[in-house]
Every structure is written in structure tokens, then in C-alpha cells.
Amino acid sequence: MKRQKYNPSVIEPKWQEKWEADRLYHAEEDAGRPKFYFLTMLPYTSGDLHIGHWYAMAPSDAKARYLRMKGYNVMFPVGFDAFGLPAENAAINHGIHPHKWTMANIERMRGQLRSMGAMWDWEREAVTADPDYYKWSQWFFLKFYQHDLAYRSMAPVDWCPNCNTTLAREQVWGEDRHCERCGTPVIKKDLEQWFFRITKYADELLDFGKIDWPERVVTMQTNWIGRSEGVTFDLGIKGSPKRIPVFTTRPDTVFGMTFAVLAPEHPLVAELTTDEHRAAVEDYRQRARRLSEIERLSTEREREGVFIGSYAINPMNEEQVPLYIADYVLMTYGTGAIMGVPGHDERDFDFAERNGLPIPVVIAPAGWDGQPLEAAYLDEGTMVNSGRFDGLPSSEGWEAITDDMETRGVGHREVQYRLHDWLISRQRYWGAPIPMIYCGQCGIVPVPEDQLPVLLPEDAEFRPTGESPLKYHEGFLHTTCPQCDGPARRETDTMDTFMCSSWYHMRYTSPGYDKGPIDPARYQYWRPVDQYTGGIEHATMHLLYTRFFTKACRDIGILDHDEPMLRLFNQGIILGEDNEKMSKSRGNVVNPDDFVQSMGADTTRAYLMFIGPWDAGGPWSSRGIEGVYRFFQRAWDVALAKPKSFAEQASANEVAALRRITHKTIRKVTDDMEAFRFNTMIAALMEFNNYLVKARQTPVVHTDAWREAVRTLILLLAPTAPHLAEELWQRIGGTYSVHTQPWPEWDEDAAADEMVTLVVQVNGKVRDRLPVAVGTSEEEARDLALGSSKVQRHTAKKNVVKVIYVPDEVINIVVK
RNA sequence: GCCGAAGUGGCGGAACGGUAUACGCGGCGGUCUCAAAAACCGCUGGGGGUAAACCCUGUGUGGGUUCGAAUCCCACCUUCGGCACCA
């Protein structure tokens, strides 16, 4: 009779069904056990599950399973980010309703996700496009509105002409300022839109003290928030009582101001432009405006500008300087106006050169000879040409000038941020309607809570026109004012989907709860997320928004903690076999279903973990995956193949050696699991297995140590290859389920080496390797080393100057 | 331009300042077979030497620190990622 071979296509579906029938992975609150909330960023309902999803999820699942075996009550939920432009665009292209399209995708993806054999608790699934879900997204919006964290404002906003909607600043990427979704360069539009006051939390968002996140994300968020300390002070205007506030981080350079610049859109431009310059100014403003509406491809833009005829007055020395407009000054940062200090600012330097303006030095670099400098000097130095501040180090001048301005009431210390408020309005159909009503009598009126959800009408025409499709749905648009019962109109824009994904981790704790977004008691048990995993691309979008959301909810009184996710791990990107990003046009897309079918989910999961460091990503290899498949086949044989009989007994040494590698492997695998080093973890399991393949041909195969080794191998494999481990566990007579077994512990004594290889060096070069007992003394090691003929060859006729001995590692003999 | 990360065999990648290249892929040789595939066993950085012993050399480049450097320091080169008129 032939022994059964490893056959994943039989065992994988079998165990998946059993696990589901047994609700093996359903997590309930249990005050008696430490909880662990393990979360992977929820997938977008784009269609098929691709290998990138597997790369993000399979290692997460392995880690979550490991933590469960370690004794934690682990919650590992999954759901779908189901609203958004791609769904809508795809639906339009296929002539299907977005709802239908999305739900069909979800159905398909559920099946594909199940094929992974992950321990998701499907009873907690959330779909952001379900009315039960977006009702609470709307509820949060109302809370934010009540607490002055949501406001409506007319502002120049980013508009994607392809997606036909506004975007948040975080969704505009790259040098050419393109749409994060479709790549089209965005344009500016002046529109009345809804914003969330994320800037109120700028300083708190810069504090990462309560979370353990990758340095990379911390840096990106810090740069994105862009905090600058400086001074806002007023420039006077010759012949006018008006003042122009300007912001600077270098008040110490104020005596070097030789001009001032307003942004072209600055509100004072019209008033301060003299008649003789009006035509040129108007012309420039038109051009600047058009420039922002066409592609901005030139990186080295000339710093042009035009004089508007007025003069600004420097409040420190009452000097008059010409006032310009130039598009290198942005209306969206600071006050939209600057002092021009060409001696100590690169942009101002270029501008002054171009316009023939003087470039005085007011901060002298060390050893300055009094001559003009060739470029703007940006560092600290000694103040010169600065009146009574001359001779001060610039850092002291900074404080002295600022104090002077504050005393005289012309300026004050101020902090500016690059971060803008979060624009959440979208002029598209497939999103959660913003629950607001506009009444001719009462103005802006929130939809009362008991009228939520504001349902998305199924029968709307959802083609993108640049305005919300809901605007043309009469039944949706017209309503009555909740305050005066008079005729009123609904807000027709929908919410940014990042609003929906800012709180999905909260919803998982309380599936189906209908008295609020979360059941406080259940939330209390699970919160916060202990470990979050997902792609780095969300560093300044989702990961920033959800932190803001948590802090806002805390201040409103909905939550009692400051941060949503304590630890974060960003996996890398899986590339095609050609080492390029996967794309249909390149034809290098890997379909996980193919490999699941031929080699199994366990193999596919394990191979993805084996490729390299998880945060590094790397190229897929269809040859490489076969190595993992072979490994599992050999593991199957190691555990199940009938051993030979031996006349002799295993020696104590053989048994000790087997136990040593068993316990060393437990230690290595545990350490690597903890540190997300899945690639070396699997390498250690392979080494262990290779050892067992050989040991199986010796008498140790009939010892308790062997049974311990096999049992250990299966347990250590369980997080990585859950089906294989369950099958082997059952076949060796283990009690169901392997996934509820405790994680093995290693015995330091059993893992300890008796002998080590002592590396013998002469002048740092390896000359010999000697087997020695652990803990060999220096004298003994020295005698052994000096006695080695290989060493003597290099020490002959030379004097031993020094011997460095690192016990159990190396002995280095220094000769001259 | 600024900030960050990384450069190791033919390939993916291992290496608390202490045996460079673990583990896997590929390649070469062998066992089995009529043959092939699969499986199994052995070898596999480069150069010299006789495929032994042994010697030299080698972790992007050039310096430095150290008994000893892939690892630490300095400079540079390259690649990738982020930001980019942010005053």
C-alpha cells in the first residue's frame, strides 16, 4: 500500500471548512485572558485579490496565529473598504451600478480570502458601504460639526479633472501634483467645501511618544505637518494706513529686506497697485492663474514677478522697499506675503538678481571680508548692517528682534504648519452622503441623529459631471428643514472614503451594534489596536487621518484614548519576476489563485514570507516557491514516513544533539516571530527539517527526543502553514486543534552547546578552526592555538605580541 | 535641492564588531531509469595550485578607527522612497 503524499488541494479546503464550522477563530471578550487586537489594513473592493493582498495579509495572519498560541485572546478581523472612486469608475465603464459591482467583488474576494486559510473572524466583518456602517460615518460627521471640528468654507482646492472631484491635499502627489488615484495632474478651483479641523491637532499629531511606529512613517508625518516657528509682523505701506502681515522664521535677517512680495491672489493687491502698473499687474495675475491651471511640469521655474507701484515699510528701520507680486509666494502658506531678504534666502536671492535689487549682507559668516557674497548665506553668523543689533550672534538677534517687535506691538511669535485642514467633500455618487441640509430660512442645519442614515438613492444617475450626481436626483435633493419644516435642500456631496476608513477598527469591536458606532463595553475590552500592518503609501493619508479621528473622538467624549494603533509594521511591495512593479501592461502580474491551486495556500503564504525581509518587499519567483513546496513535502515525510528498524540504540550524544537543535530552533523561531523576521524564521525551520531528514535514518528516530522534535516542528509550522500543521498534528495523534495548542517553550539547557568551533586568527586572519568545549579557559585556548601547525606556520620566527581571546568565539594571536 | 533607506555569489537573500555568503533558487557531477521527469546524494564567490594540502583575494568606491570591519566613523558614487518655491 502506498503511503499518502502531501496533497494541499485535499487538506486545505477540508480544514477550512472544519475551522469555520467550529468557529475556531471567533474571538469573544474574555476578561480572564490578555487581549491582542491584531489588524491588517482592510482591502479595497477593487475586484480580484492579487498577490499584493497576500503579501500584506499572510504574514500578518501568521503573526496573529503565533500570538494566539502564546496565550493571547487574539482578535483578527477583516472587512471591506467599499466606497470610492475606483468602484464608481469601474462600474461606469462596465455599465453596472456601483453597488452591484462592489457587492459582487466583495463576494468574490471573500472566497479568495478564505482560500488563504487565515484566522479572520468573519463574524466581525464590516463593509463601509453598508447603510448600517455609513450611518455611523454620518453620525461622526455630525459630532464633529457639533464640536466645531467640521466646517464649510470657500477655498482654493485641488480638483482632479479626470475623477471630476475635489481631493484632499494628501491625495495630491508628486512633482506634477497629480491625483493619487488616477495620476492626472490636478488643478485649482475655488469651491465651497467641507473641511475637518485637523490643523487643530497639528502639535499633538507631532507627538509620537505613545506609539511605536516605524521611523519612516514618523518622519513622513512630521514633514507633512511641517511645523515652523517664527514671527508674524506687519509691514507698513507708504501713504496708506494699511498693514501687510508677513511671516518669517528668520527675524534676525529683517534688516536685510530690500523688497517685499505678495502672492498674486493676495487680497490687497488690487488696492495697492498704482494706476501706471495696473495693466502689467493684471496681466501677471492672469498668467499666474492660468499657470496653476495647466500642467506644471517645469521644475526650474524662473522667479519672476512685477512691481505694483507701492512701497512697504520695514518696521525695524522705517526703510521703504518696493512691493512686488510673484508666484513663488503662496497664498496658502503663512500670510501670503513675505519680506524679501536676498542676502539670506535662496529664492529671494534669485528674485533680486533677476530684478536688479540690492543684496546686502546682514548675517556675516565666520571670516567674512565685507564683500558681497556670491549666494544667499543661510546659516547662523554675526549680525551686521543691523543697527543696534550689530555684533550679536544671529541666534541672539533672533530673540532680541522678536522681543523688540512684540514690545512695540508690530509683531508676535507664531507657529506655522504646512498641514492644511482635511477637505472631505467629494462630488461623486459612491460615498456616504454628508448629512447636512441647507434651508433658506435657517441656513446650514444638520440632519437630526434619529433621521440617519441619509441613504444613498439607488436610482441616481451616477455619471461624473463635475458636480455631485445627487444634485440631479430630485427625490434626494429636496427635503424639509428639520428646524422650520420649510422647503430645503440636502448637501449633495459625499464624504472622502478616508473618513470611512478612519474608524473601521472601532466598528470591528462591536459588529451589528445599533445604538452607536461602538458598544462601549466591548470597545473598552479590545481598544486600542495592538498591532497594525499595512502599506507605507498611507503614511500621510489614512495613518494621519485615523490618528486625528481618534484624538477628535477623545475630545468629544466618544473615546478614552489618544492613539488608535500602538504598533505599526509596513510591509514592502511584492514585485514581478522581472523585478519591476506588477502591471497588466508589463504582463508580469502574478495571480495567487494559480499557485494556491498547484502548490497550495500554505506554500504560497510561506514563500511570500521567505522571499526576504517583510518590510523590504521583493521580486516574486515561480522557481523559488518550489523550494518551499519541497520543504513541506519533506516535512510531511519526516513526520509521517515509517522509520527503519535499527539493531542498536541511539547514543546519548545523538539524542542530546537532536534535542539541542530542537530547542535552538524554538528559540530562533520565537525570536524571529517576535521581530517579524519571517524569512530567517522559515530558513531556521528548513534547517531543522533538513537535520530531521538525516536523523530519521539513524536510531534516534525511535527515541522520545524524536517525537518531541516532530511535535515541535509541527507546532512551529502552525502559524506559517496552518493546514499542513493541522493535518500532521491530527495524523501524529494530537488533539484538535493544533492552533489552540500552546506555543512551545525552549529549554536553555537543552539548547546549550557543549562544543563550539574556536576560530583561530593570526594578525586578524583566520588560520585554523578548533573544536573546543564551551567555556574553555584562555590559557587552554592559547596553548591549543599556539600548538596548531596551521598557526605555527604563520607565527614561526615571530614574536607573539598580544593574544585576544573572546571565549567560545575567537582567539587572535598578534605577532610581529 | 532637502530628508530618509539601501548597495553582499549567477539570482532572492543570511551574518550581537569575531568562521562572509546561512536558507532557498539556479548551475555542475552522481544514484535510480531503456530514457526523461521527479526524488535522493555530493560540489558550487574569484584567482593560483594538481578539483589534495596550501596561498592570495573578495561585501558599491576611497580613506580611517580596531587585535579584528559587510557591520563603527569620514568623503564620494549609485539605486529606491518621500517632500519640494512652506518664507
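Numbers restart at 1 for each chain; the letters A, B, ... are given by sequence-line order, proteins then strands. Since the model is a prediction, treat every value here as computed from it, not as a measurement. Basis for what follows: all heavy atoms, side chains included, without hydrogens, waters or symmetry-related copies.
- A donor-acceptor contact under 3.5 angstrom links the side chains of A:Glu414 and A:His412, judged on distance only.
- B:rC2 is paired with B:rG82 under the criterion used here, namely a Watson-Crick or G-U wobble arrangement in which both key atom distances are under 3.5 Å.
- Distances shown here put a side-chain N or O of A:Lys765 below 4.0 Å from the OP1 or OP2 atom of B:rU57.
- Residue A:Val810 has its side chain nearest to B:rG18 when only B:rU19, B:rC23, B:rG18 are considered.
- Within the shown strands, nothing qualifies as a pairing partner of B:rG49 under the Watson-Crick or G-U definition with both distances less than 3.5 Å.
- Residue pairs satisfying the side chain to side chain donor-acceptor pair (under 3.5 Å) criterion with at least one member in residues 802-816 of chain A, sequence neighbours excluded, are absent.
- The side chain of A:Thr680 lies closest to B:rA15 when the candidates are B:rA15, B:rC23, B:rA87.
- For A:Lys790 and B:rC54, the shortest distance from a side-chain N or O to OP1 or OP2 is below 4.0 Å.
- A search for ring pair (Phe, Tyr, Trp, His ring centres under 6.0 Å) contacts involving A:Trp54 returns nothing, not counting sequence neighbours.
- Contact annotation: A:Arg418 does not reach the phosphate of B:rA87 (side-chain N/O to OP1 or OP2, under 4.0 Å).
- Of the N and O atoms on the side chains of A:Gln171 and A:Trp173, not one donor lies less than 3.5 Å from an acceptor on the other residue.
- Aromatic ring centres of A:Phe678 and A:Phe610: separated by at least 6.0 Å.
- Judged by atom type and distance alone, A:Gln761 reaches the base of B:rG18 through a side-chain donor-acceptor pair under 3.5 Å.
- One finds no side-chain N or O of A:Arg793 lying less than 4.0 angstrom from the OP1 or OP2 phosphate oxygen of B:rA53.
- When side chains are defined from C-beta on, A:Met599 counts as touching A:Ile625, because their heavy atoms get closer than 4.5 Å.
- Annotation: A:Tyr417 is not in aromatic contact with A:Tyr333 [ring centroid separation under 6.0 Å not met].
- Here A:His794 reaches the OP1 or OP2 of B:rC55: one of its side-chain N or O atoms lies under 4.0 Å away.
- In this structure B:rG9 sits in the syn conformation; its chi angle is within 90° of 0.
- Phosphate contact (OP1/OP2 of B:rC56, side-chain N/O of A:Arg767, threshold under 4.0 Å): present.
- B:rG24 atom C1' lies 14 Å from atom CH2 of A:Trp620, rounded to whole Å.
- Distance noted for atom P between B:rG45 and B:rC32: 28 Å (whole Å).
- The cationic atom of A:Arg547 (NZ for Lys, CZ for Arg) lies less than 6.0 Å from the six-membered ring centre of A:Trp213 and within 45° of the ring axis.
- Atom CD1 in A:Ile611 sits about 16 Å away from atom P in B:rG24, given to the nearest Å.
- Spacing of P atoms, B:rG12 relative to B:rC80, comes out at 15 Å, to the nearest Å.
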Inset, instruction - Let me have a per-nucleotide readout for nucleotides 39-48 of chain B, 5' to 3', with B, S or -, counting only protein heavy atoms under 4.0 Å. - result: SS--------
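- Taking atom C1' on both nucleotides, B:rC73 is separated from B:rC23 by 33 Å, rounded to a whole Å.
- Distance NZ (A:Lys664) to P (B:rA22): 17 Å, rounded to an integer number of Å.
- Of the nucleotides present, none pairs with B:rC16 by Watson-Crick or G-U wobble criteria with both distances under 3.5 Å.
- Remark: the separation of the P atoms in B:rG82 and B:rU59 is 32 Å, to the nearest Å.
- Under 4.0 Å is where a charged nitrogen must lie from a carboxylate oxygen, and between A:Glu229 and A:Arg227 at least one such pair does.
- Here B:rG24 presents its C1' atom at 6 Å from CE of A:Met686, a figure rounded to the nearest Å.
- Taking the C1' atom of each, B:rA75 and B:rC25 are spaced 38 Å apart, rounded to whole Å.
- A:Arg769 places its CZ atom 10 Å from the C1' atom of B:rA20, with the value rounded to the nearest Å.
- Here, B:rG27 and B:rU33 have their C1' atoms 23 Å apart, quoted to the whole Å.
- For A:Val766, the listed nucleotide lying nearest its side chain is B:rU19; candidates were B:rU19, B:rG13, B:rG12.
- When ring centroids are compared, A:Trp620 and A:Tyr55 stay outside the 6.0 Å threshold.
- Comparing B:rU8 with B:rC28, their C1' atoms are spaced 24 Å from each other, to the whole Å.
- The base-pairing partner of B:rU31, taking Watson-Crick or G-U wobble contacts with both distances under 3.5 Å, is B:rA39.
- Base-pair partner of B:rG24: B:rC11 (Watson-Crick or G-U wobble, both distances under 3.5 Å).
- Below the 3.5 angstrom threshold, one finds a donor paired with an acceptor across the side chain of A:Glu809 and the base of B:rC16.
- The interatomic distance linking A:Tyr333 (OH) with B:rC83 (C1') rounds to 14 Å, in whole Å.
- The side chain of A:Asn223 lies closest to B:rC3 when the candidates are B:rA87, B:rG24, B:rC3.
- Rounding to whole angstrom units, CG of residue A:Asn579 and P of B:rC80 are separated by 12 Å.
- You'll find that the side chain of A:Glu687 is closest to B:rC23, out of B:rC67, B:rC23, B:rA87.
- Side-chain N/O atoms of A:Ser228 include one lying less than 4.0 angstrom from OP1 or OP2 on B:rA87.
- Residue A:Asn763 places none of its side-chain N or O atoms closer than 4.0 Å to OP1 or OP2 of B:rG68.
- Nucleotides B:rU71 and B:rU21 place their C1' atoms 15 Å apart, quoted to the nearest Å.
- For A:Glu537 and B:rC83, the CD to C1' distance is 17 Å, given to the nearest whole Å.
- The partner of B:rC76, taking Watson-Crick or G-U wobble pairs whose two distances both stay under 3.5 Å, is B:rG60.
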